[in-house]
Structure formats: C-alpha cells, structure tokens
Amino acid sequence: MAVEQRPDQLSEWQSQAMTVPESIDLFLGGGRGGGKSFLLAALFLRHCEQHGDQARCLVVRKSFPGLQDLEAEFRQYFTSIYGTALRFDAQKHKFTLPNGSTIQLDQLEREADFSKYQGKSFSYIAVDEAGQFASPALVDRLRSSLRPPAGVPGRFIVLANPGGVGHAWLVRRYALNEPWKPYTDAATGFDFVSINSTYRDNQFIDRERYAKNLMASCATDPELGRAWLNGDWSVLRGAYFSTVIDEQRNMIEPWPHLPNRYRKAGANTLAHHDPRLAMTDRWEFYLAHDFGVAAPSVTYLVAKSPGAEGPDGYHYPRGSYILVDEETTTHPDDLNTGLGLTVPDQADRILSMCQHWNVTPRGVADDAIFNRTGSQEGSIADEFRKAGVYFEKARKGSRLAGWQTMRRLLADAGKPDVPGLYVSRNCRIWWETVPSLPRDPRNPEDVDSSAPDHGADACRYALTGNAGHVHIPVTFSH
Ligand SMILES: Nc1ncnc2c1ncn2[C@@H]1O[C@H](COP(=O)(O)OP(=O)(O)OP(=O)(O)O)[C@@H](O)[C@H]1O
Ligand SMILES: [Mg+2]
C-alpha cells in the first residue's frame with residue numbers, strides 16, 4: 001500500500017525539511033515541541049516506502065524511558081497509516097512495514113552496547129535527544145553502522161534540544177550554523193544542514209498551554225525553560241555559570257609576559273630583597289592541574305594579584321586570580337576525551353609552558369593524583385615529581401563550596417575594590433567549556449560532572465588550593 005503524504009499532515013517547517021536532499025545529513029535543533037520527532041517518523045516512512053525491504057532504519061536514545069515515549073509515538077503514527085498490517089516486535093523494539101522495510105528503536109548508553117550492531121547495517125540512522133550524550137564519541141561510532149545497500153541512500157540525523165550535557169559539542173558542530181544552508185561538518189567530514197523549529201512552528205499542539213507547561217516544568221531553572229521555548233543555543237542559558245560570566249568583564253587579552261613579582265603594590269621600585277615585603281604583597285604564580293589520561297588533563301598558569309597593575313596596564317584588585325595560560329591534553333574533536341598521554345609526556349608539555357613564562361613548575365592538583373596506584377612509580381604526583389613538575393594537594397574542600405567561590409569571583413570581576421577572576425583569551429578550553437557547563441539535573445547547585453568539566457575543575461583548584469600559602473619559588477629573567 002503506497003502512502004501519499006498529504007501536505008496538511010505536516011507543519012510548514014516539517015514540509016520544508018522533507019525537501020532537503022537525502023544526500024545531506026540533518027541536524028534538527030531549535031526548541032522543544034517543534035515537531036522534530038514527528039518529522040523523523042515522516043522521513044523514515046518516506047524512505048521505507050521508496051526502498052522496500054532494502055530500507056533499514058534505526059533510531060537510538062540514551063535513556064530507556066525516553067525510548068519508550070518515542071516508541072509509543074511511532075506506534076501511533078505507523079498504525080494510523082498501516083493499521084493491522086504493521087508488525088511490531090516488542091522484544092526487539094522493531095517495526096516491520098508491509099513492504100518488508102524495518103524501523104528499529106534502541107537504547108545506546110555505553111560503548112558495550114555496540115556489540116548489538118556487530119555485522120548489522122542500516123540505511124537511515126537517527127540519534128534522538130543527542131544532547132544527552134556528554135561527548136560525541138558514541139554518536140560518531142554509531143555512524144559506522146550506516147551501510148546502505150548499493151543504490152539506496154544512507155542518511156544520518158541528529159536531533160537535540162539546548163541545555164543538555166552535550167550542549168557544547170552540539171553548538172560547536174551544528175547548532176549555530178546558518179539554518180537551511182549546507183556545510184561540511186569539520187569534525188566528521190560529512191555534509192549537514194542544520195534546521196531549527198520551536199513549538200511556535202507546531203500547529204498540532206495547543207501552543208499557549210504547551211508554553212505554560214514547559215515553563216512550569218522548569219520552575220527552578222527559568223533560563224532553561226526559555227532556551228527550550230525559544231530554541232536559543234547561542235546564549236548558553238541553563239548553564240551553571242551563565243549568569244556570572246561575561247566576556248566583557250572576565251576575558252582579558254593574552255599577557256605579553258608576567259608582571260614582576262617583586263614589585264610592591266603601588267611602588268615603582270623593586271623590592272626584591274626587602275624582608276618586610278610580605279608574601280601577600282607580591283604577585284604569586286603557580287599551576288593548577290586536573291588530571292586525566294582517557295579524559296583530558298587541563299593545567300592553568302595562575303597569577304594572584306597583590307593589588308597591582310598587570311602587564312596589560314589594568315589594575316587587578318588584591319586577591320584577584322588571573323588564568324594566564326592553559327596547557328591541555330583535550331582531544332581536538334572531543335572536549336571529554338584526552339589524548340591518552342603518559343605522565344612524563346604530560347609533564348613535558350607543562351614544562352614547556354613554564355619555560356615560556358619563566359616560572360617554576362609548581363602548583364596544586366586534584367587530591368586523587370596523590371593516591372598510591374600500586375605501580376612501581378608510586379602515585380601520579382610522584383611520577384610528575386620525577387619528571388620535574390611539583391604538585392601539592394589542592395585540599396579542595398567541598399565541590400559545592402568551590403563552585404560558589406568561583407561564581408563569586410567571576411561575578412566580581414571588573415569591580416575596582418574586590419577580587420575577581422580573569423581568564424585570558426588564550427585559555428581556549430576554559431572559554432569553550434566553562435560558560436556552557438550544564439547544571440546537574442539531580443542537584444541544580446552542582447555542575448553536571450558528565451559534561452566536559454576538566455577546565456572548570458582545574459580552575460576551581462586554582463581558587464581553593466591554598467597555593468598562595470605555599471612558598472613557590474620563581475626564577476626570573478627580567
Ligand atoms: N505533523 C504533525 N501532525 C500531528 N501531530 C504532530 C505533528 N508534528 C508534531 N506533532 C505533535 O506535536 C507534539 C510535539 O512534536 P514532537 O514530539 O515531534 O516534537 P519534538 O520537537 O520532538 O519535541 P521535543 O523537543 O520535546 O523532543 C507531539 O505530540 C507530536 O505528536
Ligand atoms: Mg522529540
């Protein structure tokens with residue numbers, strides 16, 4: 001039974017999306033309730049009708065309850081078309097259409113789930129609610145199962161809403177690209193088009209009520225509610241630090257060199273050997289490090305101000321922190337994956353950063369790297385020490401207290417008389433990740449730790465690490 005798609009069955013946005021050539025992959029973004037999942041069913045239907053038993057569709061979600069909702073929607077949709085001729089295998093979550101084409105729904109949560117796809121090929125693959133994946137690794141891996149038979153087009157479709165743990169990678173790859181205009185996704189090399197809808201594009205719902213309910217469901221997080229309503233990916237609403245980070249106040253241009261450590265605040269003579277000059281009257285420089293091998297390491301060179309002018313001519317109130325430079329092992333395509341470098345290799349990279357700025361490689365790091373590993377080398381901190389990088393425990397206190405300190409310092413940047421947190425433009429990972437870090441859905445006062453929070457963690461250690469009380473010798477050439 002061939003099915004005519006009556007134009008009034010789809011919204012205008014959905015109809016227009018159907019006209020995008022099949023050779024181009026789709027990113028369906030925007031806000032909630034715009035009709036993305038329904039459009040997916042329509043795209044599957046067309047593909048199945050055209051290619052019969054050659055058509056094999058797969059749609060995955062990360063969570064099982066989410067999958068059940070989608071299954072119910074699909075069931076209703078395809079039953080309304082095929083009635084009892086539609087077959088459904090509840091065990092395999094698989095629909096078989098009368099012409100032999102199939103649509104399978106599946107949960108994809110972790111690497112091990114891929115064994116299910118061993119030797120299986122699909123012609124259409126969709127990832128629904130892709131924002132629930134903290135990193136694109138699984139999504140990219142899934143693509144390798146896209147192997148349509150000769151003559152059948154293959155297509156990959158990514159659907160997502162703003163504000164999830166995957167917000168940052170979706171923004172980098174897809175969400176902010178000009179709508180309807182094809183581009184090549186630099187990370188994967190495939191041609192994509194990004195198209196956005198909001199509930200306003202969907203005449204099949206009671207829009208006024210939908211908006212009201214959506215805002216009510218986000219009562220404790222109205223910014224997320226607005227992002228879901230308006231499909232706003234650019235202003236990273238719903239993010240943990242969104243209300244306290246402002247590039248105008250927090251971002252500084254890269255320093256040409258460090259300030260002279262021994263110049264007393266306000267004085268224009270060097271006080272190099274003046275014993276009366278307290279530690280707190282000097283600039284302090286130290287490292288702050290968050291360790292990872294499979295996950296990225298991030299290391300900051302931190303400057304703490306005695307209340308003095310920086311080399312950029314700006315006055316930094318006493319107690320202000322400046323992230324001057326960043327060294328990271330973050331994978332270029334994935335903010336949550338490390339380069340897999342050994343400790344000596346990581347130490348080498350940190351040493352070159354320290355050489356560049358002419359500072360001694362000392363600082364604070366995550367307490368966990370001081371744990372004995374059972375290997376001959378001792379702890380990771382021991383290994384770093386052997387390679388010439390000296391870390392002390394950040395004694396980080398509670399995570400939540402650390403985040404509070406970080407929020408306060410960020411909010412106070414730019415005020416003339418209280419300490420603030422300033423971050424150089426060249427701290428790329430910080431600027432790519434921290435502004436968009438989502439809240440933990442189970443505890444809105446915490447950062448979602450499945451998001452790429454490595455830069456944020458290292459930054460937190462910089463502020464709470466007590467490094468200011470540790471004597472950190474600095475060699476100086478100027
Ligand atoms: N063309 C259509 N005909 C009938 N109902 C539709 C149509 N498009 C969407 N709907 C209905 O509108 C509601 C929202 O659509 P859908 O679930 O596809 O939106 P979505 O963008 O996937 O939302 P979310 O962001 O919450 O996942 C659903 O109940 C869906 O069945
Ligand atoms: Mg949906």
Side-chain angles (χ1 to χ4, degrees), residues 3-20 26-46 57-82 93 95 103 105-108 124-133 139 157-167 170-171 174-175 179 193-218 221 224-233 237-238 438 441:
V3 175
E4 282 268 313
Q5 195 79 55
R6 290 206 324 274
D8 62 347
Q9 285 181 322
L10 294 176
S11 69
E12 206 183 310
W13 175 77
Q14 288 165 337
S15 307
Q16 201 179 342
M18 297 291 286
T19 67
V20 175
L26 291 174
F27 173 75
L28 308 180
R32 294 206 48 188
K36 299 183 292 295
S37 299
F38 196 95
L39 168 63
L40 182 65
L43 287 163
F44 279 171
L45 174 69
R46 183 179 67 186
C57 304
L58 171 69
V59 53
V60 301
R61 272 202 184 187
K62 191 170 182 205
S63 78
F64 190 69
L67 196 67
Q68 285 179 310
D69 291 345
L70 192 66
E71 193 173 290
E73 272 189 60
F74 272 35
R75 198 164 184 167
Q76 192 183 6
Y77 180 78
F78 290 106
T79 304
S80 76
I81 295 160
Y82 298 109
H93 310 282
F95 297 94
I103 297 168
L105 291 86
D106 208 347
Q107 187 187 11
L108 176 62
Y124 253 56
I125 297 183
V127 181
D128 197 24
E129 315 249 293
Q132 293 190 353
F133 292 93
V139 174
I157 303 173
V158 177
L159 304 88
N161 296 309
V165 291
H167 187 106
L170 288 165
V171 164
Y174 310 115
V193 77
S194 293
I195 54 179
N196 307 318
S197 62
T198 71
Y199 76 101
R200 293 184 194 88
D201 297 303
N202 183 357
Q203 73 268 35
F204 302 98
I205 52 175
D206 177 344
R207 284 174 264 198
E208 205 174 313
R209 227 175 91 197
Y210 184 85
K212 231 184 228 166
N213 287 341
L214 200 57
M215 284 312 283
S217 75
C218 297
D221 201 346
L224 180 62
R226 281 191 292 274
W228 277 354
L229 275 188
N230 302 323
D232 192 344
W233 291 75
R237 297 174 199 273

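The first residue of the sequence shown is numbered 1, and numbering continues consecutively from there. All ligand and atom numbering here is 1-based and tracks the order in the structure.
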Enquirer: Below 4.0 Å from ligand 1: does a non-hydrogen atom of Gln76 turn up there or not?
Expert: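 The answer is no, since Gln76 has no heavy atom less than 4.0 Å from ligand 1.
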Enquirer: Output yes when a side-chain donor or acceptor of Lys36 lies under 3.5 Å from a complementary backbone atom of Gly31, and no otherwise.
Expert: yes
Enquirer: According to the interplanar angle, ranging from 0 to 90°, do the rings of Phe78 and Phe95 count as parallel (below 30°), tilted (30 to 60°) or perpendicular (above 60°)?
Expert: tilted
Enquirer: Looking only at distances, please establish whether an N/O atom of ligand 1 is found under 3.5 Å from an N/O atom of Gly34.
Expert: yes
Enquirer: What heavy-atom pair brings Leu40 and Ala126 nearest, and what distance separates the two atoms?
Expert: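 Result for this residue pair: CD1-CB, 3.6 Å.
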Enquirer: Should you measure from each heavy atom of Leu10, which atoms of ligand 1 turn up under 4.0 Å away?
Expert: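 That gives atoms 1 (N) of ligand 1.
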Enquirer: Over all heavy atoms of both residues, which pair between Ala17 and Leu39 is shortest? Give the atoms and the distance, please.
Expert: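 It is CB-CD2, 3.5 Å.
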Enquirer: Below 3.5 angstrom, do we get any N/O pair linking Phe38 and ligand 1?
Expert: yes
Enquirer: Indicate the atoms forming the closest heavy-atom contact of His93 with Glu71, along with that distance.
Expert: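 For His93 versus Glu71, the nearest heavy atoms are ND1-OE1, 2.7 Å.
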Enquirer: With side chains defined as the heavy atoms from C-beta onward, is the minimum distance between Val158 and Leu170 less than 4.5 Å?
Expert: yes
Enquirer: Please walk me through it: do Ile103 and Phe74 pass side chain to side chain contact (heavy atoms under 4.5 Å, CB included)?
Expert: CA-CA 9 Å; Ile103 297 168; Phe74 272 35; 4.1 Å; yes
Enquirer: Counting heavy atoms only, name the option from Ala41, Ser37, Pro162 that's nearest to atom 22 (O) of ligand 1.
Expert: Ser37
Enquirer: Is it the side chain, the backbone, both or neither of Phe204 that has a heavy atom closer than 4.0 Å to ligand 1?
Expert: side chain
Enquirer: Which of the atoms of ligand 1 are close to Asn161, meaning less than 4.0 Å from one of its heavy atoms?
Expert: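 Taking each heavy atom of Asn161 in turn, ligand 1 has 24 (P), 25 (O) under 4.0 Å.
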Enquirer: For the backbone of Asn202 and the side chain of Trp13, can you confirm whether one donor and one acceptor N or O come within less than 3.5 Å of each other?
Expert: no
Enquirer: Check Lys62 against Phe133 and note the closest heavy-atom contact, atom names and distance.
Expert: CB-CZ, 3.8 Å
Enquirer: Measure Asp128 to ligand 1 on non-hydrogen atoms and call it side chain, backbone, both or neither using the 4.0 Å cut-off.
Expert: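 The answer is neither.
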Enquirer: For ligand 1, which atoms, with element, lie under 4.0 Å from some heavy atom of Ile205?
Expert: 12 (O), 13 (C)
Enquirer: For ligand 1, which atoms, with element, lie under 4.0 Å from some heavy atom of Glu129?
Expert: 27 (O)
Enquirer: Looking only at N/O atoms, are Gly35 and ligand 1 under 3.5 Å apart anywhere?
Expert: yes
Enquirer: Measure from atom 21 (O) of ligand 1 to every heavy atom in Gln9, Gln203, Gln14, Lys36 and give the option owning the shortest one.
Expert: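 Looking at heavy atoms only, Lys36 sits closest to atom 21 (O) of ligand 1.
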Enquirer: For the Mg ion (ligand 2), does an N/O/S atom of Asn161 lie at less than 2.8 Å?
Expert: no
